[in-house]
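Working notes, structure below.
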There are 2 protein chains.
Amino acid sequence: MFDFRIWFWIHLTMSLQIRFSLNDGLYLKDPQDSKLGKNIIQHSILLIDEYGFESFTFKKLAERIGSTEASIYRYFENKHLLLIFLVNWYWEWVSYLIKVNTMNVSDPRIKLKIIIHSFVFAPKDNPGVEYVNESKLHNIFISEGVKAYHTKDVDKDNSKGFFKSYKSLANSVSNIISEINPQFKYPYALATNLFEMSNNHIYFAKHLPRLTDISVNGNNVDEVETMLNYFADKLLS
Amino acid sequence: MFDFRIWFWIHLTMSLQIRFSLNDGLYLKDPQDSKLGKNIIQHSILLIDEYGFESFTFKKLAERIGSTEASIYRYFENKHLLLIFLVNWYWEWVSYLIKVNTMNVSDPRIKLKIIIHSFVFAPKDNPGVEYVNESKLHNIFISEGVKAYHTKDVDKDNSKGFFKSYKSLANSVSNIISEINPQFKYPYALATNLFEMSNNHIYFAKHLPRLTDISVNGNNVDEVETMLNYFADKLLS
DNA sequence: TTTTTTATGATAGTATTACTATTGTTTTAA
DNA sequence: TTAAAACAATAGTAATACTATCATAAAAAA
């Protein structure tokens, strides 16, 4: 499952600066293009993790990076679009990991295991873009992610393509599910459910443990992976 | 599945005014006790449904019911606690329906089917408290519910017992799951997952249809019910 | 019935948030 | 080297999320 050629290739790519092409309606100016933009990405992740999305403000962010509110507004129209941007980053990151790690794998059952592993361990197995703390990005995705598409603007945002990355992730996972069992009637629902379950149950284990059977000790999420594999196997058998 | 004696009993109880005993840390003064309080419950549901939680304010609510911000603040410390209150109301309502409708049922498999039916159809099958529009309450639960426990205050709120109703619901469902299959290792996770899936996929079908396989035409959520039954059967076989 | 308490309304005020606008200075690109 | 773009500094506005005070109306107690 761990291939040094791929690992090396990732590192090589990293050093050449990974860039995600995220929907350009999300920002006024691409933050990946400048020092200030990268600072905004880096420290918004840290600050949202620290304060929670509701208490996070552009003013606090500006203070933290030694800039001004007005400057941040030149990159993002508002904090909600910044959240969608970060959530998209996470979806793209997971998609990217799945692509790289399933590249040489032909058995769809093994592919699905790798996918589940990526859902659960995305931030830990791999080094990322230097200014993005993937572990904290995962944390804020787990805590705040659903807020990206639970708003009155979903339909408008959706029509602008802001959730395309999630759909594309769901699509590629569902294709593999259908490869495993072409008769299975709910490949998309299973795909999204495995993803949502992964995040939900990590959250539950940490904050509302009576809502789940698994436990997360420290950051050991093995039990979540085991559970998701069990669910997937059973449903596709 | 439909028992007229129970139906009559519900109506009788209704006419005697159903009261939910919700955690009294959620409010400063029990809104079920006064005209203004009931107005707050009734119209906050309508307004949150109309504006979405972020754009909903106590000022708008006060204007709508011909009262003042200050008066509403005498009932709820802030709009977040009001949301948790409403979400608790929904959990209690579902629990209540499950209790009533599974009362005379002994087969746990049938009980689980009734539970799934209650998750999906909660607002439609039964008349409710006269000042609560259960259908819109279900809508806002689907759209805004997760925000009740996705905050920086989860742990604090949890320690005050604000999520007890959900835990108790999860517990009773998981007991029935364990009755069906005592060997099943994840009764709590399955219980919460069926509930979350129900709400998620209704939401996806309406707003992000490429994330699911089912469709919801008008308010016909039959396909969701069928899917949940399929998942449950397969996992517990 | 009168008195007392409680509930609500009316009004005012504050700190913070979520922006927009303007102007000047620094950095980058032609 | 000059023009353009990016950023900082500052100021200002409307709305939000409250808190406080006082008057009045309704309900409960005496």
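Naming: A, B, ... by sequence-line order, numbering from 1 per chain. These figures come from a predicted structure and were not determined experimentally. Computed over heavy atoms, backbone and side chain alike; hydrogens, waters and symmetry mates excluded.
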| query | Take atom NZ in B:K164; do more than 12 heavy atoms of anything else shown fall under 6.0 Å from it? | reply | no
| task | Report the distance from atom NZ of B:K35 to atom C1' of D:dA25, rounded to the nearest whole Å. | result | 16 Å
| query | Could you run down nucleotides 9-18 of chain D 5' to 3' and tag each one B, S or - for protein heavy-atom contact under 4.0 Å? | reply | --------BB
| Between B:F85 and B:F20, ring centroids under 6.0 Å | no
| query | Side chains of A:T192 and A:Y166: donor-acceptor distance under 3.5 Å anywhere? | reply | no
| request: Would you mind reading off the distance between A:L28 atom CG and D:dC7 atom P, rounded to a whole angstrom? | output: 13 Å
| request: Would you indicate what A:Y75 reaches in the nucleic acid, counting non-hydrogen atoms under 4.0 angstrom: base, sugar-phosphate, or nothing? | output: sugar-phosphate
| task | Could you name each residue pair satisfying salt bridge (charged side-chain N to carboxylate O under 4.0 Å, His left out) that touches residues 135-152 of chain A, not counting sequence neighbours? | result | A:E54-A:K147, A:E144-A:K147
| query | Can you name the residues that form a side chain to side chain contact (heavy atoms under 4.5 Å, CB included) with B:K35, not counting sequence neighbours? | reply | B:N39
| task | Not counting sequence neighbours, which residues clear side chain to side chain contact (heavy atoms under 4.5 Å, CB included) with A:S143? List them please. | result | A:Y203
Check: protein-nucleotides 4-6 of chain C nitrogen or oxygen pairs below 3.5 Å:
none

| remark: Rounded to whole Å, CG of B:L36 lies from P of D:dA26 at a distance of 14 Å
| Just how far, in rounded Å, is P of C:dT8 from CG of B:L61? | 14 Å
| said: A:S71: which residues meet the side chain to side chain contact (heavy atoms under 4.5 Å, CB included) condition with it, sequence neighbours left out? | reply: A:L36, A:S67, A:T68, A:R74
